[in-house]
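Please read the structure below before turning to the comments.
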Amino acid sequence: MIITEKKSKEKILEYLKEAKSVFVIGCGRCATSCETGGEKETTEMAEFLSKHGKKIIGTVVIEAPCDERLVNKEFNKIGTKANKADAILVLSCGAGVQVVSDFADVPAYPALDSMFLGKTRRLGKFAELCIMCGDCILDDTGGICPVSRCSKGLLNGPCGGSHNGKCEVDPAYDCGWYLIFERLNKLKQIDKIKKFKKTKDYSRIIRPRKLEIR
Amino acid sequence: MNFSEALKSGKFLITAELSPPKGVEVEPIIQAASVFKSKVDAVNVTDNQRARLHLSSLAFCRLLHEQGFEPILQMTCRDRNALALQSDILGAYALGLRNILALSGDYPKGGSVRPVYDLDSVQLISTIKKMENEGIDLFGEKLAGKMNFFVGGAINPGAEPVEQQILKTEKKIEAGVDFFQTQVIYGIELFKRFFTKLNNRKAKVIAGIFPLKSYNMAVFLNEKVPGVFVPEEILKRMKESRTPETEGIKISIEIINELKPVCSGIHIMTLNNDVDIIAEILNKI
């Protein structure tokens with residue numbers, strides 16, 4: 001899931017400085033799970049903006065604002081209305097904001113910051129698990145990713161700053177390599193990390209990335 | 001005899017660490033370092049240590065080389081991508097530098113800059129060796145001319161669990177490392193423990209010495225630097241001493257004498273180019 005974080009209210013009001021009227025769009029998937037852009041947060045945002053003198057033209061939570069097909073379908077319904085607003089505020093990751101921007105005739109602004117691809121540990125607690133390098137090596141590392149879970153993304157074992165399972169960057173962080181060792185020991189697969197690992201295939205992250213399989 | 005020849009000869013080696021200035025005032029440091037020039041086999045030059053901006057290690061190494069020092073170029077994977085690292089390796093050779101210490105590099109704390117880590121330290125060692133042995137770069141393209149570096153790697157013998165550090169160390173040996181330099185060490189036990197567990201002992205090891213200047217410094221190292229262990233007895237001596245700097249020098253000399261039979265040399269590090277402390281230790285060993 002894409003983990004998102006709410007931008008500050010001040011920042012949002014700054015984006016909407018010139019706008020007298022606003023249309024608010026939420027996200028039915030990741031941002032709903034993160035409690036940053038679901039039904040509840042979209043309604044709350046509309047109320048907040050209303051209190052700050054903005055006229056709310058409408059609100060809608062699109063099932064997946066990152067899916068062009070769904071946004072297209074939604075804009076066939078709400079487009080005329082939404083485009084009557086001076087601005088659209090989108091409570092989703094950056095992908096959703098960009099897709100909405102493509103369909104809107106007025107500026108669409110982000111209400112969230114896209115943080116990372118990760119897991120929900122419990123309500124309001126998230127952790128990064130994948131940087132989408134396009135060259136997955138989890139087969140060798142016991143299902144724990146050194147690229148995202150080692151601060152330095154090292155591929156051949158821990159640095160000298162790893163001590164008692166903790167990372168040199170912050171003792172609050174677990175050392176990703178420590179976790180990998182523990183897991184591989186448990187799985188009796190420690191030999192998998194004894195061989196030299198070459199650098200990653202960076203051709204997989206030439207931006208902007210596109211994937212066309214049909 | 002240059003550094004690599006000295007190491008191969010079995011002579012007990014002495015290296016000292018110098019940091020390039022934060023700014024462009026290179027002369028005072030080089031001038032001051034001349035007090036130990038004849039006593040060291042090489043001078044190890046840090047590369048933006050602690051991820052804080054300093055004059056480039058490569059430039060400072062060349063300046064030291066011009067003044068008759070034998071520099072060891074510290075090269076971290078933190079600040080340059082694989083292209084820039086290889087380019088600097090070639091540049092270093094062309095400038096007459098022959099020793100590299102390959103490090104992953106301290107992570108930039110506080111998010112001041114975006115770190116690179118395109119390569120890790122094992123991959124950097126392997127890349128340098130590939131460039132010299134096979135005459136090709138990381139991308140398989142041919143390089144003009146021959147080069148020959150003496151390549152070092154770092155070891156932290158005190159980091160737990162030791163088995164994980166051992167595995168990394170063995171990978172560095174397989175990648176072709178010529179020598180190791182350890183993290184600061186305050187006793188022989190951790191050193192011995194590490195090396196009895198290491199299967200492949202082909203590489204020579206230079207032990208890291210960091211003269212304590214105060215009790216607070218000892219406490220800081222113990223608590224804040226991962227894998228550095230200052231024994232109780234040393235802490236006590238530093239706390240009780242009325243002349244802690246002199247006591248720190250005395251302790252360093254004792255550690256050096258203790259380590260002498262089990263390592264190939266020592267490397268003396270200080271916080272801010274304390275060349276007088278380095279010189280005093282070297283005069284007494």
Side-chain angles (χ1 to χ4, degrees), chain A residues 113 115-116 131 133 135 137 140-142 144 146-186 189-206, chain B residues 51 76-78 81-83 85 103-111 115-127 130 138-139 153-172 174-176 180-184 199 208 223-229:
Chain A
D113 283 316
M115 298 302 290
F116 46 82
I131 67 154
C133 68
D135 186 19
I137 55 163
D140 274 343
T141 55
I144 296 170
V147 185
S148 56
R149 295 172 75 179
C150 160
S151 294
K152 300 178 183 176
L154 307 180
L155 296 182
N156 282 292
C159 71
S162 164
H163 188 49
N164 291 330
K166 298 297 172 190
C167 173
E168 73 167 26
V169 175
D170 187 336
Y173 299 167
D174 290 326
C175 165
W177 272 103
Y178 175 82
L179 299 174
I180 292 169
F181 267 83
E182 293 293 295
R183 175 74 55 81
L184 289 177
N185 266 332
K186 198 175 92 184
Q189 289 188 344
I190 202 79
D191 283 347
K192 285 198 164 186
I193 48 166
K194 286 188 177 166
K195 58 182 185 230
F196 173 69
K197 226 174 195 39
K198 284 201 276 192
T199 51
K200 304 216 73 146
D201 177 6
Y202 296 121
S203 72
R204 302 283 288 168
I205 50 166
I206 299 173
Chain B
T76 73
C77 299
R78 177 194 57 229
N81 68 14
L83 190 63
L85 283 169
L103 306 165
S104 60
D106 299 335
Y107 193 91
K109 286 185 184 172
V116 184
Y117 301 115
D118 238 18
L119 302 183
D120 62 28
S121 54
V122 180
Q123 291 161 343
L124 178 57
I125 292 164
S126 144
T127 301
K130 192 175 192 155
L138 188 61
F139 321 112
I155 289 178
N156 190 353
E160 302 283 355
V162 67
E163 289 70 23
Q164 302 188 357
Q165 297 293 328
I166 295 271
L167 184 134
K168 180 106 183 217
T169 302
E170 281 173 346
K171 279 189 170 184
K172 288 180 183 176
E174 269 166 48
F180 282 112
Q181 181 179 306
T182 76
Q183 171 61 290
V184 202
N199 292 321
E223 288 173 3
K224 302 281 181 195
V225 185
V228 174
F229 175 68

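Protein chains get the first letters and strands the later ones, always in sequence-line order, with residue 1 at the start of each.
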Are A:Asp140 and A:Lys197 within salt-bridge range, i.e. N to O under 4.0 Å?
yes
Taking every heavy-atom pair that is under 4.5 Å apart, which of B:Ala175, B:Gly105, B:Pro108, B:Pro157 has the most such pairs with chain A?
B:Gly105
Okay, A:Lys166 and chain B: the region with an atom under 4.5 Å from a heavy atom over there is neither
Would you say that A:Ile144 contacts A:Glu182 through its side chain, given a criterion of any heavy-atom pair below 4.5 Å between the two side chains?
no
Assess the residue pair B:Tyr117 and B:Arg78 against the criterion (side chain to side chain contact (heavy atoms under 4.5 Å, CB included)); give the C-alpha distance rounded to whole Å, side-chain angles, the decisive distance to 0.1 Å, and a yes or no.
CA-CA 5 Å; B:Tyr117 301 115; B:Arg78 177 194 57 229; 3.8 Å; yes
Could you check B:Ser121 against B:Lys168 for side chain to side chain contact (heavy atoms under 4.5 Å, CB included), going step by step and ending with a plain yes or no?
CA-CA 10 Å; B:Ser121 54; B:Lys168 180 106 183 217; 3.7 Å; yes
Could you tell me which portion of A:Tyr202 (side chain, backbone, both or neither) has an atom closer than 4.5 angstrom to a non-hydrogen atom of chain B?
side chain
Taking the basic N atoms (NZ, or NE/NH1/NH2) and the acidic carboxylate oxygens, is any pair closer than 4.0 Å for A:Asp201 and A:Arg204?
no
Side chain, backbone, both or neither: which part of B:Ser126 has a non-hydrogen atom closer than 4.5 Å to chain A?
side chain
By a 4.5 Å heavy-atom criterion (distance strictly below it), what part of B:Asp120 contacts chain A: side chain, backbone, both, or neither?
both
Portion of B:Gln164 that has a non-hydrogen atom of chain A nearer than 4.5 angstrom
both
Checking A:Lys195 against chain B: side chain, backbone, both or neither under 4.5 Å from a heavy atom?
backbone
Are A:Glu168 and B:Lys109 close enough for a salt bridge, meaning some N to O gap below 4.0 Å?
no
Shorter than 4.5 Å, heavy atoms on both sides: which option in A:Cys159, A:Pro158, A:Gly157 has the most such pairs with chain B?
A:Pro158
